[in-house]
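To start, the structure under review is shown below, and the notes come after it.
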Amino acid sequence: LHLNSAREQWWLEHLQSLLPDFDCRLWHDRGNDADIEYAVVWRLPEQGLTQLSNLKCIVSVGAGIDQLMGNRLLVPDVPIIRTTGAELTQRMREYVCLHVLRVHRDLDSVIRAQSEQRWRQSVTPVAGQRQVGVMGLGNLGRACAVALRELGFSVRGWARSEHQIDGVQTFAGPASLDAFLSGTDILVCMLPLTTQTENILNNSLFGQLTPGASVINVGRGGHLNEADLLGALNSGQLSSATLDVFREEPLPPDSTLWSHPKIMVTPHIASMIDPLSGGQRIAQNLQQFKAGQPVDDLVNPDRGY
Ligand SMILES: NC(=O)c1ccc[n+]([C@@H]2O[C@H](COP(=O)([O-])OP(=O)(O)OC[C@H]3O[C@@H](n4cnc5c(N)ncnc54)[C@H](OP(=O)(O)O)[C@@H]3O)[C@@H](O)[C@H]2O)c1
């Protein structure tokens, strides 16, 4: 286990209790490298995993695996299992609905007006008149698209392959990106970070949204071209951005993103793995993998997510 040192002892005890047939060890206490068959990590240890000659599988303690990919210290051809789960999806649904509603009802102006003791009434369009575009229709994106539809928004979704979701207009592949973006008022990015999706939130994309649109990025910091975002906010092409993920985390104190009046920064909290249920999911995945059973969370190496 190579995890945040503040919680590693807790993780060790939790996973060991869930996996009585495994001998769980912390990375710095792992003993002989050849004993290690499974590595449970968020980020790779500094020296990588290449010295683990009997490694059978790597578990990413997160839904994304971009923090592991393309790293020369990763053992090639060793399968990677990501960590998903109902609670992760529920938390993302809560975050996305919260911020889409915040933007939709212009809550930031209401809070500003209160701080100035101003009685400022305004009528916002109803949800059905607001087009919300969801990029990524996987575990998280699909659930959020459905929840937004249930709130009454006009929802469309974009993915690599075709999807059918009742009441949601769906688009597939790069050729349909322009059509997906056109008329979108609030764009939510829930894509995995891959070579195809890096920097996808850029000037040309912003220019295709409804003028004054808002962007919510809960995917990864690498999806966003920050200079393009600042340009689009300053020109009025975008009216707000809600950012949960950043190229450098924690976001450095001197980043201009912190204090921009049209940006809300949250510290990668949209949906964190719950240690209790996340541990159960990891244990279940490891047991299934060890028994040679299919594992839903196994990453397809060709797709990179
Ligand atoms: N901020 C947070 O707290 C937080 C928490 C958890 C996860 N995340 C981020 O959310 C991401 C998504 O998680 P997930 O569990 O929903 O992933 P997932 O189940 O793998 O779904 C990914 C979705 O993105 C689509 N996609 C991938 N590459 C694409 C491309 N090039 N063009 C168009 N669509 C593309 C996929 O299309 P197909 O359906 O066609 O395969 C799929 O619909 C994670 O990778 C992670 O970066 C953030």
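Whatever order the structure lists them in is the order used to number ligands and atoms, beginning at 1.
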## Note on the structure
Numbered in order shown, the ligand 1 atoms found under 4.0 Å of a heavy atom of Gly219 are 9 (C), 47 (O), 48 (C)
#### Entry: Proximal atoms of ligand 1 relative to Met190 (non-hydrogen, under 4.0 Å)
11 (C), 12 (C)
### Message
So if I count the atoms of ligand 1 from 1 in the order they appear, which ones are less than 4.0 Å from some heavy atom of Trp158?
### Response
32 (N), 33 (C)
### Message
Less than 3.5 Å apart, any donor N or O on the side chain of Ser60 or Arg82 sitting next to an acceptor on the other?
### Response
no
### Task
Could you tell me the separation between the CZ atom of Arg281 and the CG atom of Asp297, rounded to the nearest 0.5 Å?
4.0 Å
## Note on the structure
At under 4.0 Å between heavy atoms, what of His268 touches ligand 1? The answer is side chain
### Task
Classify the contact between Asn139 and ligand 1 as side chain, backbone, both or neither, using a heavy-atom distance cut-off of under 4.0 Å.
both
### Task
Examine the proximity of ligand 1 to His163 and report which part, side chain or backbone, both or neither, has a heavy atom under 4.0 Å away.
side chain
### Query
Quick one: do the His223 and Arg220 side chains pair a donor with an acceptor below 3.5 Å?
no
### Query
With a 4.0 Å heavy-atom cut-off (strictly under), which part of Arg160 contacts ligand 1: side chain, backbone, both or neither?
both
### Side-chain donor-acceptor contact under 3.5 Å, Tyr305 with Thr197
no
## Note on the structure
Counting from 1 in the order shown, the ligand 1 atoms closer than 4.0 Å to a non-hydrogen atom of Val218 are 1 (N), 2 (C), 4 (C), 8 (N), 9 (C), 48 (C)
### Task
Find the distance between CG (Leu229) and CG (Asn202) and round it off to the nearest 0.5 Å.
11.0 Å
### atom 24 (O) of ligand 1: the protein heavy-atom neighbour that sits closest, reported with distance to 0.1 Å
Pro192 CD, 3.3 Å
### Query
So is Arg82 close enough to ligand 1, meaning a heavy atom under 4.0 angstrom away?
yes
### Task
Would you please say whether a donor-acceptor pair under 3.5 Å links the side chains of Arg112 and Ser109?
yes
### Task
With heavy atoms only and a cut-off of under 4.0 Å, state how Thr84 meets ligand 1: side chain, backbone, both or neither.
neither
### Task
Please indicate whether any nitrogen or oxygen in Leu137 is less than 3.5 Å from any nitrogen or oxygen in ligand 1.
yes
#### Entry: Residue Glu162 excluded, over 12 heavy atoms near CD under 6.0 Å
no
### Message
Yes or no: does Asp244 have any heavy atom under 4.0 Å from an atom of ligand 1?
### Response
yes
### Query
Regarding Thr184 and Gln131, is there a side-chain donor-to-acceptor distance under 3.5 Å anywhere?
no
### Task
Measure up the Trp158 and Phe180 rings against each other and bin them: parallel (under 30°), tilted (30 to 60°), perpendicular (over 60°).
parallel
### Query
Numbering the atoms of ligand 1 from 1, which are under 4.0 Å from a heavy atom of Arg303?
41 (O)
#### Entry: For Met92, atoms of ligand 1 separated by under 4.0 Å from a heavy atom
2 (C), 4 (C), 5 (C), 48 (C)
### Task
Count the heavy atoms belonging to other residues, nucleotides or ligands that lie under 6.0 Å from CZ of Arg247, then report whether that count exceeds 12.
yes
### Message
Show the atoms of ligand 1 that are less than 4.0 angstrom away from any heavy atom in Gln196.
### Response
31 (N)
### Message
Once you restrict to heavy atoms under 4.0 Å, what part of Met135 touches ligand 1? Side chain, backbone, both or neither.
### Response
neither
### Message
Can a donor-acceptor pair be found, under 3.5 Å and without considering hydrogens, that links the side chain of Arg30 to the backbone of Arg25?
### Response
no
### Glu162 to ligand 1, any heavy atom closer than 4.0 Å
no
### Query
What are the atoms of ligand 1, with element, lying closer than 4.0 Å to any heavy atom of Leu140?
6 (C), 7 (C), 10 (O), 13 (O), 14 (P), 15 (O), 16 (O)
